[in-house]
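Only heavy atoms go into these numbers, but all of them, side chains included; no hydrogens, no water, no symmetry mates. Everything numeric in this text was worked out from a predicted model, so none of it was measured. Protein chains get the first letters and strands the later ones, always in sequence-line order, with residue 1 at the start of each.
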Protein chains: 2
Amino acid sequence: MLPELKIQPLRCVLAIVDEGGFHAAARQLHRTQPAVSMAVRELEQRLGEPLFEKGGKAALTPFGRYCLPRFRELITQHDRLSRELWAQVQKQAGHVDMAAVPSVASRLMPRLLSDFILRYPDLRVSLHDGSADFVRRLVAGGEVELGITSLWREDDELSFMPLMRDDVGVVCRDDHPLAERAELGWEALQGQVLIRNGTSRLLEGTEAEPLLAESAFDISNMISLTAMLVAGIGITTLPRLAFPQEYERLRFIPLVDPMVERELGLLRPGKRSLSPAAQAMEAFVIESLRAQAFAIP
Amino acid sequence: MLPELKIQPLRCVLAIVDEGGFHAAARQLHRTQPAVSMAVRELEQRLGEPLFEKGGKAALTPFGRYCLPRFRELITQHDRLSRELWAQVQKQAGHVDMAAVPSVASRLMPRLLSDFILRYPDLRVSLHDGSADFVRRLVAGGEVELGITSLWREDDELSFMPLMRDDVGVVCRDDHPLAERAELGWEALQGQVLIRNGTSRLLEGTEAEPLLAESAFDISNMISLTAMLVAGIGITTLPRLAFPQEYERLRFIPLVDPMVERELGLLRPGKRSLSPAAQAMEAFVIESLRAQAFAIP
DNA sequence: ATCCTATGATCAGCTTTTCTTACCATTAGG
DNA sequence: CCTAATGGTAAGAAAAGCTGATCATAGGAT
């Protein structure tokens, strides 16, 4: 029973009043004058009450005067919304929630994000970091839209795009007997005090797996781990990217005998789509990491 | 460049979400399912971004989730406006500003207005009162939409519809020599102390005009005038409707020798139209006063 | 597995709406 | 009186919107 107001005719009314006539309004609206006339007439009979006086001039009726500010208000709201949505789609506004594994977050993201906000100055990014499983859970649960991580469990809810290889090596202090070696095989590690960490499971399923059984400690926190390494308490294995190169006394020696690599890549919801801002981030991450050493071609 | 959002497709999106599917939404909107599909698709490509996931089910994209509350808001605003305008047109809301000459305001309007608000309980009325000229000025200036008054100057900006005749008579105190007469001719008034008042100009242009020259006072305020009459200071002429019948000691004697009448009627802006509420009032006044004694057929 | 039924998507064809072109009526000014 | 504005009107074209039939897909029941 309530009349359905369309935006265009309301705009006509405003234009007529603002421009002071049907012709001028038509010009402003890029329409012909009859179109304006008819739009108004249609609106009037939809409301059941004329908005303009009949006699020649474009003068509002009292009802028209009553309507005018309300029309203006509705159109303002409409335009505000339209602009806002448009900004989202054009990536001139928006927010990306993403997550990354700590090594990526600390070694790659600073540069990547600063490049990103150069390219999209009006987008906002929240970066969470945590273990690969934590990242996976955030993406799967929809708490973030994108993750940069290594995948070890396929999940058909999620899709993973490999972007970089990251080879595992041994990390020890510079005065360790192995410290000067250019590369190592797993046999060389037998009998060493091996500290497990969150990335150690990369060795599972390789010839080096027996080493894990010997390891005395299992330290998941990176700060604690490096502290133990610097203290010379033991050695560990880490992907190259996770190797904290800012510690002068630590050495990274590639493990070649089983050559172990993890694949880092972009994790995103499988079929679901991304917000416009996240789409921009997705493309940007792919482009950036592909242009990197160790990129997967 | 900004997309023009139409209300209907937005309503579709809401319906799909609320009803949980395209079919159910179509049912609710009294449309067929393809209509809903196409409306959504049209909207999506207008925005340049999908709102629903592609795979079978009716699930929102992140962008869709972003849009949803905003769509809802715009539609709410639209409906509020639509309802408000409709109420105005249906006379379920609105305001009438009107004016009347004091005699009408005090003798006819109380009853008329109380009947009016019975018929239109949701309309509000403001009644101004003042001299016929004052009423005319208010209507001409657009400060009120309707006036009930006697017209003495034609004005093609205004249109006057005569509704009642009101005959002029002599008013005096009950102990005045003329008080017992059933009717009078103007000669009977010669030599009397005649008090002019705002309605005296009705005598202009009649045989009784010479009387005006003799009059000693000119009192425009009705309270003062009656006070003087009650005090027996003089007599005056008044239209019957203006005769203050609540004063027991005053008598009204019809003047028949020139029979002088004023025409009371409805004054409204000539070509301009009225607000819906004022239209209701106009019709109501005409109907009410026509059903009155002294009505002009 | 297979059928069954639900979902949405698609397409041709129709109806409605909306616009344009061309013309008319009225009015104000030169 | 003529001209140049105004807005209104009518017929046809274009666009939008809707329907009805049909299709592809997925989930559930047998």
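Rounded to whole Å, atom P of D:dA4 lies 23 Å from atom CZ of A:Phe22. Atom NE2 in B:His23 sits roughly 15 Å away from atom P in C:dT5 (whole-Å rounding). When rounded to the nearest whole Å, the span between CG of B:Leu29 and C1' of D:dT19 equals 15 Å. C:dC14 atom P lies 21 Å from atom CZ of B:Arg31, rounded to whole Å. Rounded to an integer number of Å, the gap from B:Phe52 CZ to C:dA9 P is 9 Å. In this structure, B:Met38 places its CE atom 17 Å from P of C:dT16, rounding to the nearest Å. The distance between atom CD of A:Glu53 and atom P of C:dT27, rounded to the nearest whole Å, is 15 Å. Distance, B:Lys54 NZ to C:dT7 C1': 15 Å, rounded to whole Å.
Taking 4.0 angstrom as the limit, B:Lys6 places a side-chain polar atom (N or O) nearer than this to OP1 or OP2 of D:dG17.
As judged by a 4.0 angstrom heavy-atom cut-off over every strand, B:Gln33 is placed among the base-contacting residues. Note on A:Ala58: only backbone sugar-phosphate atoms sit closer than 4.0 angstrom, heavy atoms only; bases stay farther off.
When each of C:dT7, D:dG17, C:dA22 is scored by its nearest atom to the side-chain atoms of A:Pro34, the top-ranked nucleotide is C:dA22. For B:Thr32, taking side-chain heavy atoms from C-beta onward, the closest of the listed nucleotides C:dT7, D:dT19, C:dT20 is D:dT19.
Of the two residues contacting DNA chain D, namely A:Ser37 and B:Gln8, the nearest-nucleotide position lying further toward the 5' end is that of A:Ser37.
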Practice prompt. Evaluate the salt bridge (charged side-chain N to carboxylate O under 4.0 Å, His left out) criterion for residues B:Asp18 and B:Arg72: first the C-alpha distance (whole Å), next the side-chain angles of each, then the deciding distance (0.1 Å), finally the verdict.
Written response: CA-CA 11 Å; B:Asp18 292 343; B:Arg72 195 161 255 136; 2.5 Å; yes
Item to complete: Report the C-alpha separation of B:Arg268 and B:Glu145 in whole Å, then their side-chain angles, then the decisive distance to 0.1 Å, and conclude whether the salt bridge (charged side-chain N to carboxylate O under 4.0 Å, His left out) test is met.
Response: CA-CA 6 Å; B:Arg268 47 155 296 172; B:Glu145 297 195 78; over 6 Å; no
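Geometrically, B:Arg70 engages B:Tyr66 in a cation-pi contact, judged by NZ or CZ lying under 6.0 Å from the ring centre and within 45° of the ring axis.
Shown here for A:Leu85 and B:Cys67, the closest heavy-atom pair between the two residues is CD2-SG, 3.7 Å.
Checked for salt-bridge contact, A:Arg83 and A:Asp79 miss the test: no charged N lies under 4.0 Å from a carboxylate O.
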